[in-house]
Protein chains: 2
Amino acid sequence: MAGPALGAELRALMTERLHRAGQRVTANRETLVAVLAAAGRPLTIPEIIEAAGTLAQSSAYRNLQALEQAGLVHRIVTNDDFARYELAEDLTEHHHHLICRSCGTVEDVPAAPGLERSVRAAADAIARDTGFHTQHHRVDLLGLCRRCA
Amino acid sequence: MAGPALGAELRALMTERLHRAGQRVTANRETLVAVLAAAGRPLTIPEIIEAAGTLAQSSAYRNLQALEQAGLVHRIVTNDDFARYELAEDLTEHHHHLICRSCGTVEDVPAAPGLERSVRAAADAIARDTGFHTQHHRVDLLGLCRRCA
DNA sequence: CTTTCTGCAAACGATTTGCAGCAGC
DNA sequence: GCTGCTGCAAATCGTTTGCAGAAAG
């Protein structure tokens with residue numbers, strides 16, 4: 001099956017961003033966004049394809065690429081075999097990742113305000129010192145998830 | 001040529017860790033470590049092979065894998081085409097990465113103490129809340145390097 | 001109706017692996 | 001001298017791409 005239906009709010013956003021990027025709204029794309037929205041954590045391509053029900057691999061790859069260009073989803077690469085995708089951060093809430101070194105699973109955790117403040121301060125200092133202009137950041141905690149510990 | 005020679009200290013560490021991992025010390029491996037030590041930033045495999053002078057691709061991949069198992073180097077994956085390697089953190093000093101979204105280059109920056117403290121505090125809170133046991137962390141700043149800005 | 005999307009199967013390319021000969025220890 | 005490393009070339013496998021028919025707008 002095609003996973004849970006899309007909320008009206010999310011669908012509207014999706015339509016707008018796809019059109020702005022010159023892309024069409026199709027059933028496959030709605031399914032992909034719905035699957036990612038329901039997961040609440042980054043999914044590998046095989047996980048996505050399975051959750052989507054019927055979906056050609058090439059369509060999964062192509063549509064996830066299209067959705068990324070439209071700013072709806074975000075690709076993340078770990079040391080795992082497959083890339084993972086999650087909803088774009090402005091559709092969820094800013095979060096960081098817990099990556100299990102044993103099973104490879106990636107979980108989301110909300111970003112702690114104190115940590116965010118420290119990251120911004122560090123980025124400002126770096127801009128002064130090196131000229132690097134920070135647009136975004138990523139904090140990953142690597143270790144063992146509860147199940148693998 | 002084979003890049004700069006290895007410091008005595010680093011060579012001793014390298015010998016010890018390779019032997020402990022049941023691996024031999026070879027000219028190729030010394031070259032690889034020397035190249036990474038000289039670079040001071042994560043290098044892609046093509047960069048490594050070029051800097052090493054003469055080195056079969058397969059040997060590069062195999063030896064970097066061996067060195068990683070021995071705890072001497074560390075592999076990092078970006079959205080770039082190639083994986084990158086750098087010296088293990090306990091051979092350098094704990095640092096974070098500046099990743100340029102335009103040219104893909106990765107630079108090292110020393111970790112700011114305040115930021116480190118915040119990350120540890122966040123990890124502790126997460127352990128309490130979710131049972132995830134943090135062993136290591138990664139902070140990447142994404143943006144534009146001075147040259148691409 | 002035109003342009004883009006879909007699924008299939010073939011192509012791609014970074015990384016891995018089999019093998020025969022050489023080097024570490 | 002035994003075992004593990006080296007380089008070469010071939011295999012692997014996640015991902016990308018060409019193409020003909022179907023669907024979005």
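Chain letters run A, B, ... following the sequence lines, proteins first, then strands; residues in each count from 1. What's counted below: heavy atoms across the whole structure, side chains too, no hydrogens, waters or symmetry copies.
A sub-4.0 Å separation between OP1 or OP2 of dC5(C) and a side-chain N or O of Asn63(A) is absent.
Protein atom CD1 of Ile48(A) is 10 Å distant from nucleotide atom P of dT15(D), rounded to whole Å. Rounded to whole Å, atom P of dC8(D) lies 11 Å from atom CG of Asn28(B). Atom CG of Leu18(B) is separated from atom P of dA23(C) by 19 Å (rounded to the nearest Å). At whole-Å resolution of the value, CG in Leu55(B) and P in dT6(D) are 8 Å apart. Between the CZ atom of Arg84(A) and the P atom of dG14(D) there is a distance of 13 Å, rounded to whole Å. Taking atom CG of Leu64(A) as the reference point, atom P of dT17(D) lies 15 Å away to the nearest angstrom.
Listed by chain and residue number, Thr130(A), Phe132(A), Leu98(B), Val109(B), Leu141(B) satisfy the side chain to side chain contact (heavy atoms under 4.5 Å, CB included) test with Ile126(A) (two or more places apart in sequence, or in another chain). Residues satisfying the side chain to side chain contact (heavy atoms under 4.5 Å, CB included) test with Arg11(B), not counting sequence neighbours, are Leu6(B), Thr15(B), Glu30(B). Applying the salt bridge (charged side-chain N to carboxylate O under 4.0 Å, His left out) criterion to Arg29(B), with sequence neighbours excluded, gives no partner residue. Residues passing the salt bridge (charged side-chain N to carboxylate O under 4.0 Å, His left out) test with Glu47(A) are Arg41(A), sequence neighbours excluded. Taking the ring pair (Phe, Tyr, Trp, His ring centres under 6.0 Å) definition, one finds that His137(B) meets it with His94(B), His96(B), sequence neighbours left out. With sequence neighbours excluded, the residues satisfying side chain to side chain contact (heavy atoms under 4.5 Å, CB included) with Asp90(B) are Arg17(B), Ala88(B). The side chain to side chain contact (heavy atoms under 4.5 Å, CB included) test applied to Arg117(A) returns Pro113(A), not counting sequence neighbours.
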Kindly give the atom pairs (protein nitrogen or oxygen, nucleotide nitrogen or oxygen) under 3.5 Å for nucleotides 1-4 of chain C.
residue, atom, partner, partner atom, Å
dT3(C), O2, Arg24(A), NH1, 2.9
dT3(C), O2, Arg24(A), NH2, 2.6
dT4(C), O4', Arg24(A), NH1, 3.4
dT4(C), O4', Arg24(A), NH2, 3.3
dT4(C), O2, Arg24(A), NH1, 3.3

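Within residues 100-108 of chain A, no residue approaches DNA chain D, by heavy-atom distance under 4.0 Å.
If one axis is set at each end of the helix from dC1(C)-dG25(D) to dC25(C)-dG1(D) from five pairs, those axes are 50° apart, to 10°.
With a 4.5 Å cut-off on side-chain heavy atoms, Leu36(B) and Leu72(B) do not count as touching.
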Could you run down nucleotides 11-20 of chain C 5' to 3' and tag each one B, S or - for protein heavy-atom contact under 4.0 Å?
---SBBBBB-
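Annotation: salt bridge (charged side-chain N to carboxylate O under 4.0 Å, His left out) contacts involving residues 63-89 of chain A, sequence neighbours excluded, comprise Asp80(A)-Arg84(A).
Around the CD atom of Glu9(A), the shell of radius 6.0 Å holds no more than 12 heavy atoms that belong to other residues, nucleotides or ligands.
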